[in-house]
Amino acid sequence: MATGKINVSVDNIFPLIKKFLYSDHEIFLRELISNATDATLKLKHLTAIGEAKVEYGNPIIEIKADKEGKKLHIIDQGLGMTEEEVKKYINEVAFSGAEEFLDKYKDSGKDTGIIGHFGLGFYSAFMVADKVEIITKSFKDAPAMHWTCDGSPNFELKEAKKGDRGTEIILHIADDSTEFLEDNRISELLVKYNKFMPIPIKFGTKTETLPKPEGAKEEDPAPTKEVDNIINNPVPAWTKQPADLKDEDYKGFYRELYPTQFEEPLFNIHLNVDYPFNLTGILYFPKLSNDLNVQKDRIQLYQNQVFVTDNVEGIVPEFLTMLRGVIDSPDIPLNVSRSYLQADGAVKKISSYITRKVADKLASLFKNNREDFEAKWNDIKIVIEYGMLSEDKFFEKADKFALYPTIDNTYFTFEELQEKIKDNQTDKDDKLVILYASNKEEQHSYIEAAKAKGYEVLLMDSPIIAHLMQKLETSKEKISFVRVDADHIDNLIKKDDTQISKLSDEEKESLKTNLEEVISDKGYTVQLEAMDSESSPFIITEPEFMRRMKEMQSTGGGGMFGMGNMPEMYNLIVNTNHELVSEILNTKTAKKRERLIHQSLDLAKLSKGLLKGAELTEFIKRSYDMVK
């Protein structure tokens, strides 16, 4: 038996890096600036603990583009490298200096903010460069070094002339990557990935207007001067303590994140936890419509202030991806597959924490200022309802503050609603019947009929409400949701004043035969009911179960709620106590009876929004004829 060590040949590693290291070549600038930040933060930590006997000062990272020379420079004022360190950290591919540093100073380095975890980050330079140079001088008493590599396994390392500590990386940009020499492209990447890096990043200069000197005339131009163009905010709001921030600070940070968003957020949630994982961030509730296709992926994920992605699926629960803001955690693994991320234990804990934090914030807002919470309900309900539907733990908490508005803009919690209707809206099995409308205009006549009988009617108009009602009916005891235009109210709710039909059984049979002979549409089931004489003669309802299934089908489209095509089925409720129904029954000529039935049915269809196309045209023509 033989044992040994497998050696990776470097001959082919650079082509692999160029092609496969990252899915997007633009990431190289993030990686190199992250390394420069690491080097600077390491020096800060070593000076703080007395191990580096140098002046830390106010270091910056500078980016310079030399378009004519086809070179891009990344310059830092960090701790630099000795000859031995260049050999170790640059020539030994995938050996992470940040990882080793963190391990060495694991007890004293908890708050250093070192990015780390990037491993092969430096070699991302070869995705865009034919040749890379490093000129570096350590903070230690050692000569400066100059390292050069043209993308082959061969490198050159020699002493260099460099007076100041730190590292300069020079990329000789390849012909297929010259876009990264353009000022606009560089600025775009710096803003995208490095907008909140903890070390100031300079890219060029800008003109700053100075105050006019005393005695200057109004027409005199104000003096100006050229200053460093610092593109990042090294101390963003989420890195500060909530106690140090005011409402205006949170709103200002929102505008910094989304400069083209003009609407103010409704409220924010500051995340700050250091055990059992590290996570900071700020989430904002924007005004949301009922559209489930609302733009998602507006939450930005950072690792120690380095932008990673705005695809936070798996880290943030799906129902919260409609929010906006920032999450920053060193415990979220980078550059791994989404399936791995979703299975990661730390990520699952983070997701649970965010869910709990959001629920606690909403509960606090409800408790402390219910009036304001009610005023914001329509703008936030889609998130809360979606969360109740998809996350059981969130459902348990949200059940205390989720609101159920009536069509008259009165808001109830579920517990309050049950108390309100328990004596007036129960069926024969003593189950609570919760009436609701999904569209105040389209269902107006049905709403008015229910209100006339003293019933509360909720307004539940979000696109996923059918799914949530299903969940509520299974999780609560003895309740059922019924839309006002579903199975007729008088058949659902137990009443003491049951109406007696004015028609005999024989007359009812005759009436039903007449109706079914005229109504050719087999999608209508005729039901004769004894109702108040003031009620409509013909009422069309749709069985609650069938209608809700269709709603769920349309909500999901073929997605998570997708279902098969549901047939169109309606009930035609005929009020046997109405005068018009008596006239239909007693009309001597079949032609007149047929006309009255058609007209009454079409009026019921019109009220339900079902009269369209040729049927609507025929109804209008018949109506004019009757008027004549």
Side-chain angles (χ1 to χ4, degrees), residues 266-285 288 292 294 296-297 299 301 311-329 331-332 338-339 341-368 370 373 376-377 379-404 412-418 460 462-477 479 481 552 555-556 559-561:
L266 297 169
F267 54 86
N268 63 268
I269 300 166
H270 199 130
L271 307 170
N272 193 347
V273 63
D274 55 16
Y275 182 82
F277 50 82
N278 289 293
L279 180 138
T280 55
I282 301 172
L283 295 180
Y284 293 91
F285 264 78
L288 295 171
L292 270 181
V294 67
K296 297 184 180 181
D297 295 336
I299 296 175
L301 177 65
N311 181 359
V312 294
E313 180 187 350
I315 301 164
V316 174
E318 187 179 359
F319 77 98
L320 293 177
T321 56
M322 292 179 274
L323 303 188
R324 295 176 185 170
V326 163
I327 292 171
D328 189 334
S329 175
D331 293 324
I332 295 174
R338 185 60 50 184
S339 60
L341 191 60
Q342 290 170 349
D344 185 78
V347 170
K348 287 181 178 179
K349 289 177 184 176
I350 288 170
S351 180
S352 296
Y353 166 77
I354 293 171
T355 299
R356 186 175 73 252
K357 191 75 174 177
V358 169
D360 290 345
K361 175 71 172 185
L362 291 166
S364 173
L365 290 170
F366 173 75
K367 182 180 178 181
N368 296 331
R370 176 162 176 168
F373 190 81
K376 291 173 178 172
W377 177 253
D379 294 315
I380 63 175
K381 66 183 178 185
I382 191 71
V383 174
I384 296 173
E385 290 171 353
Y386 193 5
M388 292 175 72
L389 185 63
S390 57
E391 298 271 341
D392 287 339
K393 288 184 178 178
F394 184 80
F395 180 94
E396 291 171 13
K397 287 179 174 286
D399 197 34
K400 302 291 192 298
F401 57 74
L403 295 177
Y404 300 86
F412 297 107
T413 63
F414 197 85
E415 187 177 338
E416 292 166 348
L417 178 65
Q418 286 179 299
M460 303 179 76
S462 77
I464 59 171
I465 201 65
H467 306 279
L468 181 58
M469 287 188 296
Q470 291 284 105
K471 181 158 187 171
L472 286 165
E473 286 171 341
T474 55
S475 61
K476 305 283 185 184
E477 289 187 3
I479 66 158
F481 285 87
M552 292 168 78
T555 302
M560 62 179 174
F561 297 131

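A quick note: this is a predicted structure, and the numbers were derived from the prediction, not measured.
- Aromatic ring pairs are classed by plane angle as parallel below 30°, tilted from 30° to 60° and perpendicular above 60°; the pair F401 and F366 is tilted.
- S364 contributes no side-chain N or O that, together with a main-chain N or O of D360, makes up a donor-acceptor pair within less than 3.5 Å.
- Between L472 and I479, the shortest heavy-atom distance links the atoms O-CD1, 3.7 Å.
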Given the rule in the side-chain contact (heavy atoms from CB on, under 4.5 Å) test, do I269 and L271 qualify, once you have shown the distances and angles that lead to the verdict?
CA-CA 6 Å; I269 300 166; L271 307 170; 4.1 Å; yes
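- Rounding to the nearest 0.5 Å gives a distance of 8.5 Å between CD1 of I315 and OG of S329.
- L279 places none of its side-chain heavy atoms less than 4.5 Å from the side chain of K349.
- Taking the six-membered ring for Trp and the full ring otherwise, the centers of Y404 and F412 sit at least 6.0 Å from each other.
- Between F277 and Y353, the ring-plane angle classifies as perpendicular under the 30° and 60° cut-offs.
- Below 30°, between 30° and 60°, or above 60°: for F414 and F481 the angle between ring planes is between 30° and 60°, a tilted geometry.
- Under the 4.5 Å side-chain criterion, counting only non-hydrogen atoms from C-beta, F285 is not in contact with K376.
- Rounding to the nearest 0.5 angstrom, the gap separating the CD1 atom in I350 from the CG atom in N278 is 9.0 Å.
- W377 contributes atom CH2, which lies 4.0 Å from atom CD1 of I384 (distance to the nearest 0.5 angstrom).
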Report the C-alpha distance between L283 and I354 in whole Å, list the side-chain angles of each, state the deciding distance to 0.1 Å, and finish with yes or no for side-chain contact (heavy atoms from CB on, under 4.5 Å).
CA-CA 10 Å; L283 295 180; I354 293 171; 3.9 Å; yes
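- Nearest heavy atom pair, residue T413 against residue R370, reads N-NH2, 4.0 Å.
- The distance from the OG atom of S390 to the NE2 atom of H467 is 12.0 Å, given to the nearest 0.5 Å.
- With a 4.5 Å cut-off on side-chain heavy atoms, L362 and K397 do not count as touching.
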Before you tell me yes or no, could you show the steps for I465 and K381 under side-chain contact (heavy atoms from CB on, under 4.5 Å), namely the whole-Å CA-CA distance, both residues' side-chain angles and the distance that decides it to 0.1 Å?
CA-CA 10 Å; I465 201 65; K381 66 183 178 185; over 6 Å; no
Under the side-chain contact (heavy atoms from CB on, under 4.5 Å) criterion, do F319 and I382 qualify, and how do the steps go?
CA-CA 9 Å; F319 77 98; I382 191 71; over 6 Å; no
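- Shown here for E385 and I464, the closest heavy-atom pair between the two residues is C-CD1, 3.8 Å.
- Atom CD1 of I282 and atom CG of L323 lie 13.5 Å apart (nearest 0.5 Å).
- Judged purely by atom type and a 3.5 angstrom limit, K471 uses its side chain to pair as donor or acceptor with the backbone of M388.
- In this structure, CD1 in I327 is found 8.5 Å from CG in L320, a value given to the nearest 0.5 Å.
- For K476, the NZ atom counts as densely surrounded, since its 6.0 Å shell holds more than 12 non-hydrogen atoms of other residues, nucleotides or ligands.
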